[in-house]
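We name chains A, B, ... by the order of the sequence lines, and we start the count at 1 in each one.
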Amino acid sequence: MEYNFREIEQKWQQRWKERGTYRVEVDHSKPKFYVLDMFPYPSGAGLHVGHPLGYIASDIYARYKRLKGFNVLHPMGYDAFGLPAEQYAIQTGQHPAVTTEQNINRYREQLDKIGFSFDWNREVRTCDPKYYHWTQWAFLLMFDSYYCNTRQQARPIAELIAAFEANGTEGLDVACTEELHFTAEQWKAMDEKRREEVLQNYRLAFRADTMVNWCPQLGTVLANDEVKDGLSVRGGYPVEQKRMKQWLLRVTAYAQRLLDGLDRLEWSDSLKEIQRNWIGRSEGAQVFFPINGHEEQLEIFTTRPDTIFGVTFMVLAPEHEYVARLTTPENKAAVEAYLEETKKRSERERIAETRRVSGVFTGSYAVNPFNGKKIPIYISDYVLAGYGTGAIMAVPAHDSRDYAFAKHFELPIIPVVEGGDLSIESYDAKAGKLINSDFINGLDVKEAIQVMFREVEKRGLGKKKINYRLRDAIFSRQRYWGEPFPIYYKDDIAYPLPLDQLPLELPPIDNFGPTEQGEPPLARVKGWQTAEGYPYELSTMPGFAGSSAYYLRYMDPHNDQALVSREADEYWRSVDLYVGGIEHATGHLMYSRFWNKFLYDLGYVVEDEPFRKLVNQGMIQGRSNFVYRVVGTNRFVSLGLKDQYETQEIHVDVNIVRNDVLDLEAFRAWRPEYADAEFILEDGRYICGWAIEKMSKSMYNVVNPDYIVDNYGADTLRMYEMFLGPLEQSKPWDTNGIDGVHKFLRRLWRLFFDGEGKLIVTDDQPTPAESKTLHKTIKKVGEDIENFSFNTSISAFMICLNELGGCNKRQVLEPLVVLLAPFAPHICEELWEALGQKGSVCDAAFPTFNPEYLVENSFEYPVSFNGKVRFKKNLPLGIPNAEIEAAILADPNTAKYLEGKTPKKFVIVPGKIINVVI
RNA sequence: GCGGGCAUGGUGUAAUUGGUAGCCACGUUAGAUUUAGGAUCUAAUGCUGAAAGGCGUGGGGGUUCGAGUCCCUUUGCCCGCACCA
């Protein structure tokens, strides 16, 4: 009887479900291990073969850990709020809840076919009110907290209010939108509205008037990580900058901790680097420049205070608050024209026109506080309102952008660091001796920076300051399909809903677009207000809200008293292994860390970081196939002969091509226009061309995992996806080649059963060679799984089978089945049962490796010799290298032989050298 | 521009981490078996050459007894950030 994967897989998936094989509970008698996949957004297109890659890897690891005796938490759920379902709803009128439900069911069906060890009892859906109850809860907690820089943690806002009442802002070091100063008396004199405005300056979830990424086509604002190259990540629509009142999360309060935390994480260097980059810490000085004829001073941030004697002009961002104030009457027209012009340029145009020099003079002058020189103040859009203070001191000699600006406006360029040729370009390097710089002349740049930090503070001109590129996260979306804010308004003051009224459920709606007045869809809902008639917030939370703490919810998914119970959290703690795509580097992975640290500060979770180890699986690209139509005909010419004709390359569905050979009948049936296609064949076959492209419908290169499961089985799919190459590497899917692993499973099957399906496993003792093969495989596979090198472990299985030949001895096959079970669970369950074992192979113990079986009679040892014999690695047999070295040199013949020669290898029998190979 | 990564047969890849380059598969070729095969088994398969041999890890240089691996340089590709002061 042949290996019938369809029957076997169905049978075991059914049994796993009935027996609850993958259910897991807190069990203090076992060590825990938490393996998590980034939960999917259930899109309408269903899964393609690339999606399960990470799930398969994590499943193998989870199953392996279970064999190793761990209590493994391995849950799955759905990130179910989001733009695509809502866009679809706007187009079709179908409620997103309905399409989302359909998509989830489809995903579940596809996932089930692959045989994952998920505990589905713990499934979460972000759009479920029982789930988003806790998203709203966390938001209210943030609303009710501020960040104390002194203690480096979030604290209840009540403590801040108490401090205001006692001393005003005196002596406070807290995270805020802008530095405020007031006394206790002033605080007490404020009315409720004014007080709330002040508190918004400190709350961790707060409302502010801010520059946002506005996407008109989507009708909503977007976070920075949702915008790429001036286009929305979802949909690819243009995004513009706009000032709007929005909810934000004060992520910047955590910038330093988010940065420091990275050092303790087992994440790839590249991913950590992306996060460091995104946080963008830079050390510099805040310096105040007096302005001629004005009370105010101009605050700037610079990382190069050493170049302050080279300042020849100042530049403000067009949005800077001083712009109007500093513009003199005679320059007013020019400035206004410039502001108008920059406002019109979209983000996208600005990126495209990078380095186009433009700007305008305000007519005002600042004074260099170090030498009293008068310096003109300009406005230019090369200075960004969002970074630093939105104003800079320009040093054209040592900054390329300032240099370009100075050249364009014919402003003076004063060198203050030796080196470079200023007639060609600015000298930006942080190296050289200072010149033209008064008391820092002769110092090295690095020294000079430190001296200036001290000098700026000593003279009261400013202070040393750390600046971050990280921005506070814009937290509202003018959309329907998201978590409603548990916020209502009275007198335009935002009030939190009492916790016992959570969840605030999303009301039904039938028109999903914005209103005629441009308000969010929730404005259409009559009665979207509290019992007392106060209106609720109209926007909803962004996609990352629901995904920021879902890993905590899996620990205790049915708890209606808390996000997670203390008991569950103390047992499961944090995710030991997180597998997912690198595309979440600056979004989800940043917000989750922030969210977790916040909950940690307030004592709701016990771990400071959510994801201890993280593995990024590579993307699976498509491998497209082409046919070549002879231009103007319905004849198709095979790849090798196409150069003899004038042809047109046409994508052909990869599912009707096998090993690049086209299935002619299937092709004729594919599309009506090809029904009477003719073919010019080579060697009786039609060979298709191919290319690596993104996997997408339009390229006809999408391979559905269902198709692979139906034709080869889930076990083959699982193994082949791993065999394709290193997990973290991007690689194309190529169904050619899947026969290799499928053949492996069939050969394995035939070791157990004869043609009639009779078990042919014997109880004979294995030979030393067979034992050696087995233990070599146990060692290799164990190490490879630990290193996430699944492709090489599959090679190891194949080598094992090749070496075993037809060995069908129980003592070899039994451990092998357990070893293979994480990769191919269905067939291994079947074989395990056939061997007469009770229970699931999932509950077996990972076979123990016995090094004795690997001992050989002789070894070849690579050495180096330069007067002394040196072994390049540790030798087997437990003999110390030094002992063997001594033995070699003690042998007079060998020692003589070695003189003037360089041996490559020694062939050694334990205890005795028998040969030296030159 | 700054930062990170990659480059090995016709293809995907492997290399005990500085020690016989190409494991394991796919594909290809030949043979066996079969009514048939998208089945099974056997053998060959980096390039070149009849062979002996020579050449070979993007290019150039270096360190080393020895380099796919380390260093310098260069080319090409991928990713992240980007007028970030």
Side-chain angles (χ1 to χ4, degrees), chain A residues 2 224 228-229 268-278 280-282 284-285 300-305 307 315 317 350-351 353-358 380-384 386-395 398-402 404-405 428 467-470 582-583 585-586 618-619 623 658-661 663 690 692 711 719-720 723-726 728-744 746-747 750 780 783 789 791-802 860-866 870-874 876 901-905 917-918:
Chain A
E2 266 297 293
N224 284 351
K228 211 180 143 82
D229 301 329
S268 71
D269 289 340
S270 63
L271 179 52
K272 287 188 189 179
E273 207 47 44
I274 291 173
Q275 289 218 336
R276 286 196 191 102
N277 238 313
W278 189 259
R281 182 187 202 269
S282 67
I300 60 100
F301 174 77
T302 178
T303 54
R304 295 293 301 275
T307 60
V315 187
R350 274 194 44 216
I351 288 166
E353 293 174 16
T354 291
R355 297 188 190 282
R356 191 191 77 165
V357 180
S358 73
S380 174
D381 65 357
Y382 86 86
V383 175
L384 304 177
Y387 184 78
T389 63
I392 60 157
M393 63 175 216
V395 185
H398 306 291
D399 182 289
S400 56
R401 297 150 303 175
D402 298 345
F405 194 86
D428 294 14
N467 224 328
Y468 299 94
R469 203 186 67 87
L470 185 71
I582 190 111
E583 66 272 18
T586 54
M619 275 237 287
R623 186 180 188 276
R658 196 186 163 89
N659 288 341
D660 291 338
V661 177
D663 181 333
W690 60 273
I692 304 303
N711 286 278
M719 289 186 72
Y720 187 55
F723 185 66
L724 230 38
E728 309 205 7
Q729 192 174 301
S730 284
K731 58 232 161 199
W733 176 267
D734 183 0
T735 307
N736 301 341
I738 198 168
D739 285 339
V741 285
H742 192 59
K743 213 185 285 178
F744 164 82
R746 281 203 305 260
R747 281 172 63 200
R750 285 201 298 272
K780 174 85 174 134
E783 286 168 359
S789 180
N791 54 329
T792 53
S793 45
I794 290 172
S795 294
F797 281 118
M798 292 179 175
I799 295 167
C800 178
L801 215 57
N802 288 347
E860 289 191 339
Y861 292 113
V863 297
S864 69
F865 185 80
N866 29 14
R870 263 189 296 164
F871 290 90
K872 286 300 190 177
K873 46 183 165 173
N874 279 316
K901 290 178 182 172
T902 304
K904 226 173 172 184
K905 284 177 171 176
V917 185
I918 307 289

key: Assigned glycosidic conformation for B:rU17 [threshold 90° from 0]   = syn
task = Assign B:rG9 to syn or anti; the rule is syn for a glycosidic angle within 90° of 0 and anti otherwise.
result = syn
Quote, to the nearest angstrom, the [atom1] distance that separates [N] from [M].
{"N": "B:rG60", "M": "B:rA67", "atom1": "P", "result": "15 Å"}
{"N": "B:rG4", "M": "B:rC72", "atom1": "P", "result": "12 Å"}
{"N": "B:rG68", "M": "B:rU20", "atom1": "C1'", "result": "14 Å"}

So, [X] side chain and [Y] main chain: donor-acceptor pair closer than 3.5 Å or not?
{"X": "A:Thr303", "Y": "A:Gly284", "value": "no"}
{"X": "A:Asp381", "Y": "A:Ser358", "value": "no"}
{"X": "A:Asp402", "Y": "A:Val395", "value": "yes"}

Nearest-angstrom distance from the residue atom [atom1] of [X] to [atom2] of [N]:
{"X": "A:Arg746", "N": "B:rA39", "atom1": "CZ", "atom2": "P", "result": "7 Å"}
{"X": "A:Gln275", "N": "B:rG80", "atom1": "CD", "atom2": "P", "result": "15 Å"}
{"X": "A:Ile274", "N": "B:rA82", "atom1": "CD1", "atom2": "P", "result": "12 Å"}
{"X": "A:Asn791", "N": "B:rG22", "atom1": "CG", "atom2": "P", "result": "19 Å"}

OP1 or OP2 of [N] versus the side-chain N and O atoms of [X]: is any pair under 4.0 Å?
{"X": "A:Arg747", "N": "B:rU40", "result": "no"}
{"X": "A:Arg304", "N": "B:rA85", "result": "no"}
{"X": "A:Arg750", "N": "B:rC41", "result": "yes"}

Which nucleotide, in any strand shown, forms a Watson-Crick or G-U wobble pair with [N], with both distances under 3.5 Å?
{"N": "B:rG22", "result": "none"}
{"N": "B:rU16", "result": "none"}
{"N": "B:rU28", "result": "B:rA44"}

What are the atom names and distances for every N/O pair under 3.5 Å that joins the protein to nucleotides 27-35 of chain B?
from	atom 1	to	atom 2	distance (Å)
B:rG27	OP1	A:Asn659	ND2	3.0

Using a heavy-atom cut-off of under 4.0 Å over every strand shown, decide if [X] touches base, sugar-phosphate, or nothing.
{"X": "A:Asn802", "answer": "sugar-phosphate"}
{"X": "A:Asp269", "answer": "nothing"}
{"X": "A:Arg276", "answer": "nothing"}

task = Look up atom CZ in A:Arg747 and atom CG in A:Asn802, then write down how far apart they are to the nearest 0.5 Å.
result = 4.5 Å
inquiry  = So if I take every side-chain heavy atom of A:Glu273 and compare against B:rA15, B:rC83, B:rG3, which nucleotide ends up nearest?
reply    = B:rG3
inquiry  = A:Tyr720: which residues meet the ring-ring contact (aromatic ring centres under 6.0 Å, His included) condition with it, sequence neighbours left out?
reply    = A:Trp733
A:Met619, CE atom: more than 12 neighbouring heavy atoms under 6.0 Å = no
